[in-house]
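In what follows, chains are A, B, ... by sequence order, proteins preceding strands, each numbered from 1.
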Amino acid sequence: MEEKGLVNFFEQFLNKRSLFTNKAALQSSYAPGNIPHRDIQISQVANVLAPALKGEKPSNLFIYGKTGTGKTLVVKYTTDQIASISQQRTLPVKIVYINCKLKKVADTEYRLVAQLSKEFGKDVPPTGLPTDEVYRIFFSALDRQKQIVILVLDEIDELIGKAGDELLYNLTRINQELKLAQISIVGISNDLSFTDNLDPRVKSSLSEEELVFAPYDALQLQDILRARSSVAFRQDGVEFGVIEKCAARAANDNGDARRALELLRVAGELADRTGAEKLGLQHLDQADETIEKDRMLELIRTQPKQHQATLYAIVKACKQKKEGVFTGEIYDVYQTVCEQTKQRPLTQRRVSDIIAEFDMLGLITAKVISKGRYGRTREISLAIPSQNEQRMQSLLEEGLSLA
DNA sequence: GTCAATTCACATGAAAGAGACCACGGTCTAGTG
DNA sequence: CTAGACCGTGGTCTCTTTCATGTGAATTGACGA
């Protein structure tokens, strides 16, 4: 009986027409053939980098723009073109793309340089060598032959935040010491104010050319979404108005095209799963919630134990008191939580930092207030819809293996 | 009543430690010819 | 004799702790009206 049901289910599953024809077109790794509304930027980037094809060193280029404004896409697109041309004509141009945000790959000075050396065929142990040694290896690997190297550092702000600007200083100065090769740097940053706290010497040499990517507006987003969805979805699989709403929402949300595409994809998956004939507006709303919830739960699940314990303490304290919980109270609860889970409690100093981190992540809102005679502290409350609170608590209990 | 000094309860910074990783080179051990 | 196991050394990286300093308004207490 049951077996039959299952078979039926699979039969139905197979027979059902999926809404998608090519889901990959909505994934962030998808490289579209053309990039709407970024022609100007593409030609600008191309202009800056073109000298590489003539064997001259291009200016260093710095690109700002919020997330999902197509920075990476444009740079990748342009550099791909350059790469293919140089390959056709066997020009000595090499393009290295490194995403500095990827953990364990390039999020410290050492790792970045190690990764670079690897790109040039010299493996470097992931740790254990002095940093200047790694630099030397990289140097020699780079300078083996005459070539122009275009080094794309994506999310460079992450790297500098952690590793300091010395790295950039070293990189920008490399050219003076290289005999054969020349290297130019393309920095991509989400943070518009990133160069403000940069060493002026680095700043001037890094941003010989600058480019700012403005966020997409709603109409441009519509074009993008329409182009992608025509590839991704079945013909007329999308109800009228869905694209528009999706674009409008993303436009409100900093014009982030990546988010808009994700939203559309998740909505499509939801609609597909429920067997809907078309992707409708209600799916969009559901998708919005799902994304938000998944993001949050995933965030919590991947936190280290101590952070989970802290968050659990916050949840508990907030439940007891509803309004305005203070750092000291949380620390008290936290200590008892540690006792229950047999962990060694961290110092208040550290917990204070952890609380600040949660604030940054948007899981809680923590405002520093002064209560006058009664000191200065953070006023903390959960920034989570109450229907998800329970889910979060049980997730934390599970993570901490509490009853 | 007014005003400056005091005070609280942390926030925020800087520096240093601890411990996990990892590569490398030297030494020890067991297996092989 | 040699390959592999094992250890100590020297390095990075991340998370914490320790020590110091900063902070903003309620409270306090002196002062003057």
Side-chain angles (χ1 to χ4, degrees), chain A residues 98-118 121-141 155-171 196-197 199 299-314 317-318 321 323-339 341-361 363-381 399-400:
Chain A
I98 288 185
N99 187 336
C100 305
K101 203 179 174 182
L102 291 179
K103 297 246 156 146
K104 307 280 179 190
V105 175
D107 58 349
T108 68
E109 179 174 11
Y110 181 96
R111 281 181 187 154
L112 178 81
V113 182
Q115 181 66 28
L116 285 173
S117 312
K118 206 170 164 188
K122 289 249 178 168
D123 264 11
V124 172
T127 161
L129 292 180
T131 309
D132 50 343
E133 178 74 14
V134 187
Y135 265 111
R136 242 201 44 232
I137 295 174
F138 171 54
F139 255 64
S140 63
E155 320 234 11
I156 196 172
D157 40 341
E158 294 276 331
L159 178 66
I160 302 311
K162 274 189 186 169
D165 52 11
E166 193 152 321
L167 162 67
L168 282 183
Y169 182 64
N170 288 338
L171 280 180
D196 290 356
N197 32 24
D199 188 314
L299 191 62
I300 294 170
R301 192 173 308 127
T302 52
Q303 291 295 315
K305 276 263 171 346
Q306 291 288 4
H307 291 228
Q308 289 190 352
T310 311
L311 191 56
Y312 185 61
I314 295 172
C318 283
K321 216 180 141 206
E323 272 308 308
V325 189
F326 306 116
T327 307
E329 295 165 336
I330 296 217
Y331 189 65
D332 289 344
V333 181
Y334 163 78
Q335 279 179 314
T336 66
V337 171
C338 281
E339 213 170 292
T341 56
K342 310 249 186 323
Q343 299 183 68
R344 198 171 56 83
L346 301 175
T347 45
Q348 180 156 320
R349 174 72 186 82
R350 180 69 186 126
V351 171
S352 170
D353 275 351
I354 292 175
I355 291 173
E357 282 171 38
F358 283 141
D359 185 32
M360 294 262 292
L361 290 173
L363 288 173
I364 61 175
T365 46
K367 214 170 74 191
V368 179
I369 55 161
S370 179
K371 292 188 292 167
R373 191 71 215 274
Y374 304 107
R376 215 167 112 87
T377 181
R378 283 199 175 86
E379 191 179 52
I380 298 155
S381 57
L400 295 165

Once you round it to whole Å, what is the distance between [atom2] of [N] and [atom1] of [X]?
{"X": "A:R378", "N": "B:dC8", "atom1": "CZ", "atom2": "P", "answer": "21 Å"}
{"X": "A:I355", "N": "C:dT16", "atom1": "CD1", "atom2": "P", "answer": "14 Å"}
{"X": "A:K305", "N": "C:dC15", "atom1": "NZ", "atom2": "C1'", "answer": "16 Å"}
{"X": "A:Q306", "N": "C:dC15", "atom1": "CD", "atom2": "C1'", "answer": "10 Å"}
{"X": "A:I354", "N": "B:dC10", "atom1": "CD1", "atom2": "P", "answer": "16 Å"}
{"X": "A:Y331", "N": "B:dA11", "atom1": "OH", "atom2": "P", "answer": "12 Å"}
{"X": "A:D359", "N": "B:dA11", "atom1": "CG", "atom2": "C1'", "answer": "13 Å"}

Original post:
Looking just at side-chain N and O atoms, do A:Q343 and A:Y334 make a donor-acceptor pair shorter than 3.5 Å?
Top reply: no
Determine whether [X] and [Y] make a side-chain contact, defined as any pair of heavy atoms from C-beta on separated by less than 4.5 Å.
{"X": "A:I369", "Y": "A:F326", "value": "yes"}
{"X": "A:K367", "Y": "A:S381", "value": "no"}
{"X": "A:I354", "Y": "A:L346", "value": "yes"}

Subject >> Under-4.0 Å side-chain N/O to phosphate OP1/OP2 contact, A:S352 with B:dA11 >> reply: yes
Subject >> Residues that A:E357 engages under salt bridge (charged side-chain N to carboxylate O under 4.0 Å, His left out), provided they are two or more places apart >> reply: A:R350
Subject >> Set of side chain to side chain donor-acceptor pair (under 3.5 Å) partners for A:R378, sequence neighbours left out >> reply: A:S352
Original post:
When every nucleotide of nucleotides 17-26 of chain C is labelled 5' to 3' by its protein contacts under 4.0 Å (heavy atoms), B for base, S for sugar-phosphate only, - for none, what sequence of letters results?
Top reply: SB---BBBBB
